[in-house]
Structures are given as C-alpha cells and as structure tokens.
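Here's the structure, in structure tokens; my notes come after.
Residue numbers run from 1 in the order of the sequence given.
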Amino acid sequence: MTYQALAFFDLDGTLLDQHSKITPEITEAMTQLKANRVLPIIATGRTEAEIYHIREAAGITSNIIMNGAFIRIDGEEVYNEKIDTTISERMLHAVEQKNHALSFYNPTGYWATGYNDNMHKAYNFIHSDMPAIDPLGYKEKEVNMLLILSQDGDEYYHELFPELTFYRNGPYSIDTVNKGTSKGKAVGTLQKLMHLEDIPTFGFGDGNNDFALLEACDHKIAMGNAVDGLKDIASFVTKKNTEGGIVHALKHFDLI
C-alpha cells in the first residue's frame with residue numbers, strides 16, 4: 001500500500017482511556033485512518049505481550065515497543081536491539097544494593113527478580129499483569145529493556161550506567177534501554193526501512209518518553225493531560241485522553 005502519512009501513538013495517557021482500554025471511538029478512528037491510507041503505529045514502553053489485546057482491539061498491526069528497541073510493521077519484525085548480558089548482570093547487582101526489584105523485557109514477554117511493593121504498584125498503575133519470577137532468566141533469554149522498580153535512586157543508576165538511557169514514566173518504575181534508544185530514533189529507523197522518509201509524520205504523546213517521539217515527527221501532538229514540557233514543544237495540544245483527545249486531533253489535521 002502507498003501511505004499518505006504515518007501516525008505514531010503512545011498508549012498510556014494517550015490512545016488508552018483511564019482504564020488502559022481501547023474505546024469503540026478509537027477503534028473506529030483507526031479504521032478510518034487506514035481507509036485514508038494513514039498507517040497507525042503504536043509507540044510504547046511496553047512489550048508485545050502486554051499490548052496484544054490492545055492491538056487487537058484497535059485493529060493495529062504495527063508497533064514500536066520497549067521505547068524503540070523493537071519495531072514491527074504490518075505484523076513483520078523489522079528491527080530488534082538487545083541489551084548486552086553483562087549489562088543486565090551489572091544492573092541486577094545494582095538493584096540488589098538498593099533493595100529494588102528489576103524486570104527484564106523482550107518482544108515475547110517479561111520476568112522479574114522478585115516481588116515488592118513498588119512492583120505491585122507499578123503494574124497496577126498501567127493495569128498490566130505481574131511478571132513471572134526468574135532472576136537469572138537474562139542469561140538464557142534476550143533482553144531489550146530493563147525496568148527498575150523504585151520510587152528513588154535515579155541519579156544512582158544514571159551514574160553507574162552511562163551507557164544506558166533512563167525514562168521515569170511513573171512514580172514506581174524507570175524504563176531502561178541502550179544509550180540513545182528512543183521512540184524518536186525508532187521513527188527514523190522505521191521510515192528508512194520502509195523508504196517513507198518523504199511522507200508526513202504525526203506523533204501523539206503525553207509523557208517523558210514521548211519527547212523524542214514528538215521531536216522526530218513533523219506534527220507534534222500533546223494530549224491535554226501531557227506533562228508541561230511536552231506541551232511546550234507541541235505544534236498542537238489536543239483534549240485529554242479521557243475527553244476524546246485523539247479523535248479531536250485527527251479531525252483537526254483532516255486525517256479522518
């Protein structure tokens with residue numbers, strides 16, 4: 001198919017409602033986008049195991065997951081960036097020193113070192129299932145992203161791991177990927193792989209890991225509930241995710 005535009009959607013606080021669900025209005029909007037030859041692409045910090053039901057409900061077959069570490073287009077894997085096993089091992093020791101927990105992510109699932117209060121709060125915060133416990137699973141399985149379960153310690157991890165990028169996207173956890181990995185970098189990678197550098201891009205987001213996404217897109221849409229800094233760089237601030245913000249913005253840009 002020849003696409004007229006690419007539309008990238010964050011999930012929590014953006015495409016999803018307050019219950020982390022896809023509403024019928026969003027499903028209809030995605031159907032209209034595709035009919036208008038606009039490719040909808042999920043861009044999230046989550047992995048595919050967590051968003052399969054979301055993709056099915058929205059009718060979306062393309063995604064950037066784990067903050068840009070993995071890309072799938074029309075059901076086909078096109079990019080997969082891994083974290084070195086030695087880094088996972090060092091991070092495991094680092095979280096133990098702080099009595100924090102750690103989750104490991106790859107495209108097919110996620111697992112963790114052990115349960116604690118912050119872990120329960122973090123997964124409840126995004127209405128996601130708790131991970132399985134497998135502290136040494138990183139030795140046998142590929143890892144694309146780490147999730148530090150903590151309410152503090154940000155500077156501690158930044159100093160210990162200059163080769164990583166950290167996104168605190170909630171009060172209880174820190175998304176952790178290779179240095180320079182981001183949703184924005186993934187936008188550029190996707191465009192090159194699909195030879196679509198010359199068509200317009202629309203980015204929709206609300207959180208700290210969406211700065212790179214919006215900066216990489218021609219049209220930068222911040223949700224009404226977005227963090228203040230994201231609104232500052234946006235070319236358009238739409239309504240809140242709970243007030244029909246996605247549909248409002250898509251209509252504003254004549255995409256549906």
Side-chain angles (χ1 to χ4, degrees), residues 10-13 16 19-21 42-57 63-72 77 79-161 163-179 181 183 207-209:
D10 173 54
L11 289 181
D12 299 291
L16 303 178
H19 305 296
S20 297
K21 301 291 186 182
I42 290 171
T44 180
R46 302 199 205 187
T47 191
E48 287 187 334
E50 296 175 283
I51 69 167
Y52 177 78
H53 63 291
I54 294 169
R55 285 183 11 190
E56 288 290 299
N63 54 241
I64 291 167
I65 57 170
M66 298 180 288
N67 291 299
F70 183 94
I71 304 172
R72 186 181 303 280
E77 174 185 329
Y79 183 78
N80 188 343
E81 179 185 290
K82 303 174 184 66
I83 291 178
D84 190 88
T85 303
T86 59
I87 294 177
S88 293
E89 186 167 26
R90 286 172 50 216
M91 184 62 77
L92 178 61
H93 294 315
V95 297
E96 288 174 345
Q97 294 299 312
K98 286 287 188 180
N99 291 318
H100 294 156
L102 182 68
S103 291
F104 306 84
Y105 283 73
N106 67 29
T108 60
Y110 54 104
W111 64 98
T113 55
Y115 298 135
N116 68 7
D117 187 52
N118 282 324
M119 180 174 289
H120 283 279
K121 289 178 178 177
Y123 286 92
N124 286 336
F125 189 70
I126 60 170
H127 304 92
S128 192
D129 293 337
M130 292 290 288
I133 301 304
D134 186 10
L136 301 181
Y138 70 91
K139 293 185 175 183
E140 300 176 350
K141 295 178 278 192
E142 69 178 49
V143 175
N144 301 79
M145 187 180 84
L146 301 167
L147 187 73
I148 301 166
L149 286 308
S150 76
Q151 297 185 53
D152 54 33
D154 299 56
E155 292 186 6
Y156 164 77
Y157 294 110
H158 292 185
E159 291 177 4
L160 277 181
F161 296 91
E163 69 272 51
L164 299 176
T165 292
F166 300 86
Y167 301 105
R168 178 170 283 283
N169 289 312
Y172 312 111
S173 62
I174 310 170
D175 293 1
T176 306
V177 290
N178 286 326
K179 189 73 174 181
T181 298
K183 295 180 183 181
N208 290 320
N209 65 342

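By the 4.5 Å heavy-atom criterion applied to side chains, L92 and L136 are counted as neighbours. Between L16 and H127, the closest side-chain pair of non-hydrogen atoms is not below 4.5 Å. Considering only heavy atoms from C-beta on, Y167 stays 4.5 Å or farther from N208 through its side chain. Between K121 and N124 the shortest side-chain heavy-atom distance does not fall below 4.5 Å. For the pair T176 and F161, the minimum side-chain heavy-atom distance is 4.5 Å or more. With a 4.5 Å cut-off on side-chain heavy atoms, Y156 and S150 do not count as touching. Contact of the R90 side chain with the E163 side chain is registered, since non-hydrogen atoms from C-beta on lie closer than 4.5 Å. For the pair Y138/N106, no side-chain contact is recorded, criterion being any heavy-atom separation below 4.5 Å from C-beta on.
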### Message
Let's go through E56 and Y52 carefully: what are the C-alpha distance in whole Å and the side-chain angles of both, what is the deciding distance for side-chain contact (heavy atoms from CB on, under 4.5 Å) to 0.1 Å, and is it a yes or a no?
### Response
CA-CA 6 Å; E56 288 290 299; Y52 177 78; 3.8 Å; yes
### Task
Just do the salt bridge (Lys or Arg N to Asp or Glu O under 4.0 Å) check on K98 and D152 with the steps written out, would you?
CA-CA 9 Å; K98 286 287 188 180; D152 54 33; over 6 Å; no
### Trace of the side-chain contact (heavy atoms from CB on, under 4.5 Å) decision for L149 with L147
CA-CA 6 Å; L149 286 308; L147 187 73; 4.1 Å; yes
### Residue pair I126, E50: steps toward the side-chain contact (heavy atoms from CB on, under 4.5 Å) verdict
CA-CA 10 Å; I126 60 170; E50 296 175 283; 4.1 Å; yes
### Query
Could you walk me through whether V143 and W111 pass the side-chain contact (heavy atoms from CB on, under 4.5 Å) check?
CA-CA 10 Å; V143 175; W111 64 98; 4.0 Å; yes
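Looking only at distances, no side-chain donor or acceptor of D175 sits under 3.5 Å from a matching main-chain atom of M66. Side-chain atoms of N169 come within 3.5 Å of backbone atoms of N209 as a donor-acceptor pair (strictly under, hydrogens ignored). At least one donor-acceptor pair closer than 3.5 Å links the side chain of N144 to the backbone N or O of E81.
Note: Y172 and F125 have perpendicular aromatic rings, judged against thresholds of 30 and 60 degrees for the angle between ring planes. Aromatic ring orientation, Y157 versus H100: tilted (interplanar angle from 30° to 60°).
Taking CG of L11 as the reference point, atom CD1 of I42 lies at 5.0 Å (rounded to 0.5 Å). The NZ atom of K183 lies 3.5 Å from the CG atom of D10; values are rounded to the nearest 0.5 Å. A distance of 12.0 Å separates OG1 of T44 from CZ of R55, quoted to the nearest 0.5 Å. Annotation: the span from N63 atom CG to R46 atom CZ amounts to 12.5 Å, rounded to 0.5 Å. Here CD of E142 is found 13.0 Å from CG of D84. Values are rounded to the nearest 0.5 Å. Rounding to the nearest 0.5 Å places NZ of K179 at 12.0 Å from CD1 of I87.
Closest approach of T113 and P135 over heavy atoms only: O-CG, 3.5 Å. Heavy atoms only, all atoms of each residue included: M119 and S103 are closest at CE-OG, 3.8 Å. The two residues G45 and M145 have their closest heavy-atom pair at O-CE, 3.1 Å. For the pair I133 and G114, the tightest heavy-atom approach, listed with the atom from each and the gap, is CD1-CA, 3.5 Å. For the pair S20 and D12, the tightest heavy-atom approach, listed with the atom from each and the gap, is OG-OD1, 3.7 Å. Of all non-hydrogen atoms in A69 and T181, the two that sit nearest each other are N-CG2, 3.8 Å.
In this structure, Y123 has its ring center under 6.0 Å from that of Y110.
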